[in-house]
Amino acid sequence: LDMSTTVIARGKLRLASQRGEEIPENVGLDKFGRPTRDGMEAFHGVTLPFGGAKGAALSLLMEILAGALTGSNFAGQVRSLYNDFEAPQDVGHFILVIRPDLFLGSLDEFKNRMDFLTKTIKAQPKAEGV
C-alpha cells in the first residue's frame with residue numbers, strides 16, 4: 001500500500017495554483033497555520049490528514065515507522081521534491097513482511113480466510129447507478 005495520509009496530494013495543490021483554481025475547504029493551512037483555499041499557500045504550509053484526529057494518528061505512526069525508525073529525515077526535515085535540489089531528500093520507507101502461518105495454523109488457513117473475504121466483498125450489492 002503506497003499512499004499519502006493527507007486529504008490531497010501536494011502535486012494537486014500546485015496544479016490548482018497553476019490553473020488559478022481554489023482548493024477545497026479543509027484541505028490545507030498556510031505557513032501561519034490558517035485555513036486557506038490557495039493551493040500555493042497550502043503547498044508552502046500544511047496539507048491536512050484525512051480522517052481528522054484518527055488520520056493524524058495514522059500519519060504520526062507512518063512518520064515513526066518510515067522516518068524515526070529508519071534513520072532518514074522526518075518531522076519536517078525531508079527536503080522538497082519540487083524546489084530543493086542541493087542535497088538528497090533522505091526519504092525513509094517502511095516495508096512490513098508477515099508470515100501468516102505464525103498467527104494461524106497454516107498458510108492454507110490464511111488463504112481460505114482471504115478467499116472468504118474476497119467473496120464477501122464481491123457479493124456486496126452495488127450502489128445505485130454503478
Side-chain angles (χ1 to χ4, degrees):
L1 176 63
D2 180 6
M3 58 172 264
S4 170
T5 56
T6 59
V7 294
I8 192 170
R10 289 174 53 82
K12 289 186 178 182
L13 299 174
R14 289 179 53 133
L15 185 60
S17 179
Q18 290 170 348
R19 291 179 174 170
E21 301 169 353
E22 288 188 327
I23 59 174
E25 291 183 17
N26 303 315
V27 164
L29 307 175
D30 67 16
K31 64 183 179 181
F32 302 106
R34 299 177 300 217
T36 183
R37 299 209 50 207
D38 181 295
M40 198 49 65
E41 285 183 10
F43 182 84
H44 292 293
V46 175
T47 51
L48 296 174
F50 66 80
K54 291 179 181 180
L58 285 174
S59 183
L60 179 58
L61 175 63
M62 294 315 303
E63 188 78 4
I64 293 166
L65 294 175
L69 180 67
T70 64
S72 62
N73 282 343
F74 71 109
Q77 297 174 334
V78 175
R79 295 180 176 278
S80 173
L81 170 68
Y82 299 100
N83 57 19
D84 185 349
F85 308 111
E86 298 300 315
Q89 282 186 282
D90 196 13
V91 175
H93 299 277
F94 176 75
I95 300 169
L96 176 66
V97 179
I98 298 175
R99 278 190 47 196
D101 59 314
L102 295 178
F103 296 88
L104 301 169
S106 69
L107 187 56
D108 285 334
E109 184 178 349
F110 176 69
K111 289 178 181 177
N112 290 337
R113 293 173 66 84
M114 290 304 298
D115 286 343
F116 175 77
L117 178 60
T118 302
K119 288 176 186 173
T120 301
I121 292 169
K122 288 183 176 183
Q124 298 305 305
K126 292 184 178 179
E128 189 176 319
V130 177

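Here the structure is a predicted model, which means the values were calculated and not measured. Along the sequence shown, residues are numbered consecutively beginning with 1.
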| said: On a heavy-atom basis, which atom in L107 and which in D101 lie closest, and how many Å separate them? | reply: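 Minimum heavy-atom separation between L107 and D101: N-CB, 3.8 Å.
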| field | Heavy-atom closest pair, residues P100 and I98 | value |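 Reported closest heavy-atom pair: CD-O, 3.2 Å.
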| query | In the single-linkage hydrophobic clustering (I, L, V, M, F, W, Y; side-chain heavy atoms under 4.5 Å), do L96 and L58 co-cluster? | reply |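 In one cluster: no.
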| message | Between I23 and V7, is there shared hydrophobic-cluster membership here, with clusters defined by ILVMFWY side-chain heavy atoms closer than 4.5 Å? | response |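 Linked within one cluster.
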Heavy-atom donor-acceptor pair, [X] side chain to [Y] backbone, under 3.5 Å:
X	Y	result
S72	G92	yes
T70	A66	yes
S17	L13	no

When rounded to the nearest 0.5 angstrom, what distance separates [atom1] in [X] from [atom2] in [Y]?
X	Y	atom1	atom2	value
N112	L117	CG	CG	12.5 Å
M62	H93	CE	NE2	11.0 Å
F94	I64	CZ	CD1	11.5 Å
E21	K12	CD	NZ	12.0 Å

Return all side-chain donor-acceptor pairs below 3.5 angstrom for residues 39-50, not counting sequence neighbours, or 'none' if the list is empty.
residue	atom	partner	partner atom	Å
E41	OE1	T36	OG1	2.9

| task | Could you give me the CA-CA distance, side-chain angles and deciding distance for L104 and R113, then say whether side-chain contact (heavy atoms from CB on, under 4.5 Å) is met? | result | CA-CA 10 Å; L104 301 169; R113 293 173 66 84; 3.9 Å; yes
